[in-house]
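Below, chains carry the letters A, B, ... as their sequence lines are ordered, and counting in each starts from 1.
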Amino acid sequence: MNGVRRLRASSEQPHRGRTPSEWGPALIFLLPSIAVLGTFNFYPALYSLYLSLFEWNGLNPQRTFVGLENYARLIGSGEFWNALRVTLVYAAGVTLTALLLGVGVAVLLNQPIRGRAFYRVLYFLPVITPTVATGVVWKYLFDPTQGVINRGLGGVGIVGPSWLSDPAWALAAVILVGIWKRVGFNMVVYLAALQSIPKTYYEAAAIDGASPWQQFRYITLPLLAPTTFFLVVTALIDAFQVFDLVYVMTAGGPLTATDVMGYYLYRYGFRYSELGFASAIAYVMFALIFVVTVLQFRFSRGGGQVDR
Amino acid sequence: MGVDRLIAKWKVGLRLSVVHLLLMAGAFLSAMPFLWMLTTSLKPEPALYQPPLLLPTHFEWENYVKAWAAAPFPRFFLNSTIMTAGIVLAQTLLSAMAGYAFARMRFPGRDVLFFLVLGTMMIPFPVTLIPSFLVVNWLGWIDTYNALIIPRAVSAFAIFLFRQYFLTIPRELEEAAWIDGAGRFTLFFRIILPLSTPVIAASAIFSFLFAWNDFLWPLLVTNSTEMRTVQVGLAMFQGQYGVFWTLLTAAATIVTLPAIVAFLAAQKQFIAGITNTGLKD
């Protein structure tokens, strides 16, 4: 948070020849934002916690206080542990793979090659493509008999699995799509980071006889550490909340193979109308995401230089 | 000497060829779903499963007409357009105003308030989902544009973006007008906003893509077909017309196109927005 501290200092400059406080205009400028953020962010975040202590179907005017029972029910539920496991596998799979591919593409693009802008746009298109359209199209690409993927695999003599209708492969398929949608984002951020590394570092290393691999290992990688950290955290936060893809591609199935937390929450909150229990699910997701966010703050304050 | 040079040159050329080869393989994987979508959407039904799968050789534009008419897509487009315009306008204006107050005005509790606003970025959407839905329901907004727009009329991220940008504008520019008796509104609308086109563009493109691509919230707060947005409409369409690959891919293409066009138009600002926030923190 160095940036914020620095900017804060600059805004603290004396207001030359001006009335000390202008809460009147400030109120007008801020009121709409405060009203919306208060009503649809702060209040809901607190109210979710409150609601998680009740049993309520959303219609009945009477809600029953059950204390921590919803949480106890979660811990005792196989469905919950399945959702947690599926979410963690999805998040780990997408985050790590997209990170490696992202840095790989960025390093390749950070060379004096032609068509760099063209490549960059192509790699980035999946990021901005609507998730629903993405899911719909990939669902067909994964079609067991007529899909492009299995036909491609068949072309080289491999019999592809039934992907989305096979409990053993469905999650892998959704993860592949998650990766496809994430690599471009990582690539763009990495590329900017690579371009901010002064060329003189490499020139000096080359004079000292460092090989390209050594230059990458001892200059590039350490200097990319803060960027990597940022990308891991944002990717995890996004992945923990994945919903659209699952909704469109598998509806959590087959069986519960792709029943991620977001979908599990949706089922209980909006299909079965168990608002208290669903709020408890939401708070577990909050806790999960909060841990990652706090880690980010801890590390970025500590310099983030994990790699010497 | 000459031979050494030639070999060195050849080595560089070889390396760059390998780089291109790898990049092209990756670019193909990125583009493949788009190619398939476009190709399939332009095929006549009987040729559906026949190669080429990734290169349009037929041009059955009729599919688009059919898809457009098979579901109320004109209505979905209207709804998404209204929602997206509303969210883009509101997020840009309201966030700019809030960002200006945080950047320039002095009032008690400003820093606390700013950190609270930043704090809302740490609240994940699923956590606010059920209570927000209950609020909207209580207000009687289910199935209205209010429900689609107002809960997302402000973006904490945009407020942050605007504040950071405004802090880089020299105060002297406002001071002359201030001495001439201009009020905060005049300063904001006449001096600050006209100087802020880059950040306005960045904020607007983020809002646009967020709104146009949004799915879960519109799914929850609309019931009637008349109020569905394009993304919800496409998901429904998949349920009903899933077996008609040509129509479905035509519909997916129609729904994707505005996002791609918007991105291409504001690519620079969008990528600058990502990399700036990504690297600073």
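- Annotation: maximal heavy-atom pairing with chain A below 4.5 Å, among B:Ala235, B:Pro151, B:Ala101, B:Ala252, occurs at B:Pro151.
- For CZ of B:Phe244, the number of neighbouring non-hydrogen atoms (other residues, nucleotides, ligands) closer than 6.0 Å is 12 at most.
- Contact of the B:Gln267 side chain with the A:Phe124 side chain is not registered, since no non-hydrogen atoms from C-beta on lie closer than 4.5 Å.
- No other option in B:Val230, B:Leu22, B:Thr256 has as many heavy-atom pairs under 4.5 Å with chain A as B:Thr256.
- You'll find the side chain of B:Val255 stays beyond 4.5 Å of the side chain of A:Val132, heavy atoms only.
- The main-chain N or O of B:Leu23 is found under 3.5 Å from a side-chain atom of A:Tyr123 such that the two form a donor-acceptor pair.
- Here the straight-line distance linking atom CG of A:Leu46 with atom OG1 of B:Thr128 works out to 11.5 Å at 0.5 Å rounding.
- Closest of all the heavy-atom pairs between A:Pro112 and B:Leu16 is O-CD1, 4.0 Å.
- When the candidates A:Leu275, A:Val127, A:Leu141 are compared by the number of heavy-atom contacts under 4.5 Å with chain B, A:Leu141 comes out ahead.
- Closest of all the heavy-atom pairs between A:Glu22 and B:Arg104 is OE2-O, 4.2 Å.
- In this structure, CG on B:Leu220 lies 6.5 Å from OH on A:Tyr266, to the nearest 0.5 angstrom.
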TODO: Report the C-alpha distance between A:Asp143 and B:Trp245 in whole Å, list the side-chain angles of each, state the deciding distance to 0.1 Å, and finish with yes or no for side chain to side chain contact (heavy atoms under 4.5 Å, CB included).
DONE: CA-CA 11 Å; A:Asp143 187 273; B:Trp245 289 27; 3.8 Å; yes
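- For B:Trp141, the CH2 atom sits in a packed shell: over 12 heavy atoms of surrounding residues, nucleotides or ligands are nearer than 6.0 Å.
- Closest non-hydrogen pair, A:Val121 versus B:Phe263, comes out as CG1-CE2, 4.5 Å.
- When A:Tyr247, A:Tyr43, A:Tyr190, A:Tyr47 are compared by the number of non-hydrogen pairs under 4.5 Å with chain B, A:Tyr247 comes out ahead.
- Classified by interplanar angle (parallel below 30°, tilted 30° to 60°, perpendicular above 60°), the ring pair B:Trp36/A:Tyr140 is parallel.
- Under the salt bridge (charged side-chain N to carboxylate O under 4.0 Å, His left out) criterion, B:Arg152 pairs with B:Asp214, sequence neighbours left out.
- Side-chain atoms of B:Pro124 and A:Met285, non-hydrogen and from C-beta on, never get closer than 4.5 Å to each other.
- Neither the backbone nor the side chain of A:Lys181 comes within contact range of chain B; no heavy atoms are under 4.5 Å apart.
- A distance of 7.0 Å separates CZ of A:Phe286 from CE of B:Met122, quoted to the nearest 0.5 Å.
- Note that CZ of B:Phe107 and CG of A:Leu27 are 9.0 Å apart. Values are rounded to the nearest 0.5 Å.
- The two residues B:His20 and A:Tyr119 make their nearest non-hydrogen contact at ND1-OH, 3.0 Å.
- Looking only at side-chain heavy atoms (C-beta outward), A:Gln146 and B:Leu48 stay at 4.5 Å or farther from each other.
- Per-residue counts of heavy-atom pairs under 4.5 Å with chain B were compared for A:Ile281, A:Thr293, A:Val148; the largest is that of A:Val148.
- Contact of the B:Leu134 side chain with the A:Leu51 side chain is registered, since non-hydrogen atoms from C-beta on lie closer than 4.5 Å.
- A:Leu122 and B:Ala27 make their closest contact through CD1-CB, 3.7 Å (heavy atoms, listed as atom of the first residue, atom of the second, distance).
- A donor-acceptor contact shorter than 3.5 Å links the side chain of B:Asn213 to the backbone of A:Ile128.
- Under the 4.5 Å side-chain criterion, counting only non-hydrogen atoms from C-beta, B:Ser30 is not in contact with A:Leu125.
- Remark: A:Ile149 CD1 to B:Met32 CE distance equals 5.0 Å, nearest 0.5 Å.
- Residues A:Ala133 and B:Gln231 come closest through the heavy atom pair N-OE1, 4.3 Å.
- Highest contact tally toward chain B, considering only A:Ala45, A:Pro44, A:Ala26, is held by A:Pro44 [criterion: heavy-atom pairs under 4.5 Å].
- Of the residues considered (B:Thr40, B:Leu264, B:Leu219), B:Leu219 shows the highest number of contacts with chain A, using heavy-atom pairs under 4.5 Å.
- Residue B:Ile159 touches chain A through its side chain alone, counting heavy-atom pairs closer than 4.5 Å.
- Here the two rings, on A:Phe243 and B:Phe125, have centers that are 6.0 Å apart or farther.
- Here B:Ile130 is the residue among B:Thr120, B:Thr249, B:Ile130 with the most heavy-atom pairs under 4.5 Å with chain A.
- The part of B:Leu29 that comes within reach of chain A is its backbone (N, CA, C, O), which places non-hydrogen atoms under 4.5 angstrom from that chain.
- The part of A:Ile289 that comes within reach of chain B is its side chain, from C-beta onward, which places non-hydrogen atoms under 4.5 angstrom from that chain.
- Counting heavy-atom pairs under 4.5 Å between each of B:Ala262, B:Pro126, B:Ala90 and chain A puts B:Pro126 at the top.
- Of residues 30-40 of chain A, those residues with a non-hydrogen atom less than 4.5 Å from any non-hydrogen atom of chain B are, in numerical order, A:Leu30, A:Pro32, A:Ser33, A:Ile34, A:Val36, A:Leu37, A:Thr39, A:Phe40.
- Using modelled atom types, no side-chain atom of B:Trp212 and backbone atom of A:Pro130 make a donor-acceptor pair closer than 3.5 Å.
- For chain A, the nearby parts of B:Leu94 are the backbone and the side chain; heavy atoms of each come within less than 4.5 Å.
- The parts of B:Ser132 that come within reach of chain A are both its backbone and its side chain, each placing non-hydrogen atoms under 4.5 angstrom from that chain.
- Proximity to chain A involves both the backbone and the side chain of B:Met24, based on heavy atoms less than 4.5 angstrom apart.
- Heavy-atom distances place the side chain of A:Phe270, and not its backbone, under 4.5 Å from chain B.
- Only the side chain of B:Tyr100 comes within less than 4.5 Å of a heavy atom of chain A; its backbone N, CA, C and O stay farther away.
- Residue contact with chain A, scored on non-hydrogen atoms closer than 4.5 Å, involves the side chain of B:Phe133 exclusively.
- In this structure, CZ in A:Phe29 is found 7.5 Å from CZ in B:Arg184, a value given to the nearest 0.5 Å.
- In this structure, chain A has a heavy atom under 4.5 Å from the side chain of B:Val135, while its backbone stays farther away.
- Annotation for A:Phe118: atom CZ does not count as buried by contact number, only 12 or fewer foreign heavy atoms lying within 6.0 Å.
- Ranked by heavy-atom pairs under 4.5 Å with chain A, the first of B:Leu113, B:Ile150, B:Leu54, B:Leu116 is B:Leu116.
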